[in-house]
Amino acid sequence: MRPVTPPDHPTRDAGFGIYLHWPFCAAKCPYCDFNSHVRHGGVDQPRFLAAFRREIAHAAASAPGRTVTSIFLGGGTPSLMAPETVAGLLDAVAGAWCIAPDAEVTLEANPTSVEATRFRGYRAAGVNRVSLGVQALNDADLKRLGRLHSVDEALAAVRVAAEHFERFSFDLIYARPEQTPQAWAQELREAIAHAAEHLSLYQLTIEPGTPFFGLAQAGRLVPPDDDVSRALYDVTQEICAAHGLPAYEISNHARTGAESRHNQLYWRYGEYAGIGPGAHGRLVLPEGRTGTLTEKAPEAWLARVERDGHGIVETESLSAEDQGDEFLMMGLRLAEGIDPARYAALKGRPLDAGRLAALVSDGLVAQRETGRIAVTPRGAPVLNAVVAELAA
Ligand SMILES: C[S@@+](CC[C@H](N)C(=O)[O-])C[C@H]1O[C@@H](n2cnc3c(N)ncnc32)[C@H](O)[C@@H]1O
Ligand code: SF4
C-alpha cells in the first residue's frame, strides 16, 4: 500500500523535491567549480544507475510518504546520460514515492548536437523541462569560456528542446571580461528572442581553484569592475522586465507562472532529498530539519553506496538559529520575499525591528502590504550584506 502524504507542514507546503546529481562532463570549463569530472575512459552508467537506485531507496526509507512535486537532474552534465539511464532514475523515484500528476521534471543539458539527439528519449523517459547551458551568444566568448558548442549549435539545440518539451530554459553567463553593457544588451535581446518562458542569467564568478582564478590572479583575465558590473546588472533587469521576463530571483527570470518550481522549492525553504555524488538534502525528519551531504568523489560515492546503501557522509541536525538564517538567505533571493512570521517560527524570535526599520529607511528592503519582506532593486546587488544585517 502506498504511504499517505503527511499532513501539511510549514516546510512541506513548498513541496517535496528530488535532486539527482550526475557528476560527469565531456570537458571541464575553466570557470566552473561544480562537482563535475571528466572520465576519458567512459562511465559505467548501469553501475551508477544501480547505486542511484539504492540511494533513492535509502532516502525513501528515511523520508517516506511524501508526494514528489519536482525532480531535478543536475550536474555536471546529465545530458551525457543515455535516455535509458534517465528512465531508470525516474522509475526508481516513482517506485519510492508518489509523484504529483503535475510534477516538474527538469534535466540540465549542454547544447551540443550530440546531446540534442537524446532529447526525444529524455521526453519519453518522463522529463518535461530542460535547462540548457548556452552561456553566450557569440563564438569568441564561447571559446574563451571553454565551451564545446558554437552559437549555431546551441540555437539548434534550443529549437530541438522547444520541439520536444513543453517547458525549457537556458543559462547565460554575463559580466565576462571586456563585456560592455551595450554588447550585453544586444546579446540579451537576441537571447530573449529565442527564449520561451524562462532564462537564468548568472554574473561570472571567479571561483577559487579554477583556471580562471589563476588567470585573474596573474592579471591575464580582468573581470568588469564594480561600476561596469552594476551597469550590466541594471541592463539585465531593465531588458528582461521590458520583455515580460522579470526577475523572480536574483539570477532567474520568467514569465508569470513559468518559474522553476524546483528552484523555488529551495528558495522557499522546502524539503528535498539530495541523491548522487556531492548532493545536499534538507529533510524534515521526526527529530527535526536535517541537512544531508553525500560523498563528492564519484567513484568513492559509488563504493560507499555499494557497501552501505547510501553515500551520506554528513548528517546535520539544524538548530533553530541555523534554520532561521538559511530561510532568510534563501528567501530574500526571491522577489516575493519572506513571511516574517515563518522566520520567527523557525528562528524562535522575530526579526529585529530596529534593524529592519533601518534597512527599510535606507531603501534596501521593503515591507509589502501583505506583511512580506523583500529586498528592493537597490538592495539586490548587496543582498549578502542585507542578509547579514537582518540575521545578526
Ligand atoms: C552546474 S552548471 C550545469 C549546466 C551544464 N553542465 C552546462 O554547463 O551547460 C549550471 C550553470 O551554472 C552556471 N555557472 C557555472 N559556473 C559559473 C561561474 N563560475 N559563474 C557564473 N555562472 C556559472 C552556468 O551558467 C551553468 O549553465
Ligand atoms: S559548466 Fe557545465 S559543462 Fe562546464 S564543467 Fe561545469 S558542469 Fe561541466
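In listed order, ligands and their atoms are each counted from 1. In this text the structure is predicted, and so the values were computed from the model without any measurement. Basis for what follows: all heavy atoms, side chains included, without hydrogens, waters or symmetry-related copies.
- Looking only at side-chain heavy atoms (C-beta outward), E249 and E259 stay at 4.5 Å or farther from each other.
- A side-chain donor from one of W184 and T236 sits under 3.5 Å from a side-chain acceptor of the other.
- Side-chain contact of S319 with D322: a donor-acceptor pair under 3.5 Å is present, judged by distance alone.
- Using a 4.5 Å heavy-atom threshold, the side chains of E166 and N128 count as touching.
- No side-chain donor-acceptor contact under 3.5 Å links Y266 and H280.
- In summary, the side chains of R289 and Y269 do present a donor paired with an acceptor at a separation below 3.5 Å, with no hydrogens or angles considered.
- Shortest contact from atom 1 (C) of ligand 1 to any protein heavy atom: G75 O, 3.0 Å.
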Kindly indicate, with the supporting measurements, whether the criterion salt bridge (Lys or Arg N to Asp or Glu O under 4.0 Å) is fulfilled by R349 and E321.
CA-CA 9 Å; R349 63 170 189 272; E321 198 74 20; 3.4 Å; yes

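- When hydrogens are left out, the protein atom nearest atom 11 (C) of ligand 1 is D171 OD2, 3.3 Å; that is the closest non-hydrogen contact.
- Two rings, from Y233 and Y174, have their centers 6.0 Å or more apart.
- Counting protein heavy atoms only, atom 1 (S) of ligand 2 is closest to Y31 OH, 3.4 Å.
- If you check which protein heavy atom lies closest to atom 21 (C) of ligand 1, you get Q203 O, 3.4 Å.
- Ranking the protein heavy atoms by distance from atom 20 (N) of ligand 1 puts T205 N, 3.0 Å first.
- Within a 6.0 Å radius of CG in D225, more than 12 heavy atoms belonging to other residues, nucleotides or ligands are found.
- Side-chain N/O atoms of T210 and E207 include no donor and acceptor closer than 3.5 Å.
- In terms of protein heavy atoms, atom 5 (C) of ligand 1 is closest to N110 OD1, 2.8 Å.
- A donor atom on one side chain and an acceptor atom on the other are found under 3.5 Å apart for W301 and E55.
- For atom 25 (O) of ligand 1, the closest heavy atom belonging to the protein is Q135 OE1, 2.7 Å.
- With atom 6 (N) of ligand 1 as the reference point, the heavy atom nearest to it among A109, G76, C25, G133 is part of G76.
- At least one heavy atom of R147 sits less than 4.0 Å from an atom of ligand 2.
- Both the backbone and the side chain of Y31 come within contact range of ligand 1, each with a heavy atom under 4.0 Å.
- Between the choices E108, E207, R147, the shortest heavy-atom distance to atom 8 (O) of ligand 1 belongs to R147.
- Counting only heavy atoms of the protein, atom 22 (N) of ligand 1 lies nearest to Y202 CB, 3.5 Å.
- Around atom 8 (Fe) of ligand 2, the protein atoms of type N, O or S found under 2.8 Å away are C25 SG, listed by chain and number.
- Neither side chain, E108 nor S131, offers a donor N or O lying under 3.5 Å from an acceptor on the other.
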Applying side-chain hydrogen bond (donor to acceptor under 3.5 Å, both in side chains) to S70 and E104, what does each step give before you reach the verdict?
CA-CA 5 Å; S70 65; E104 176 187 272; 5.2 Å; no

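- With respect to atom 23 (C) of ligand 1, the closest heavy atom belonging to the protein is I173 CD1, 3.8 Å.
- Applying the 4.0 Å criterion to heavy atoms of T77 picks out, from ligand 1, the atoms 6 (N).
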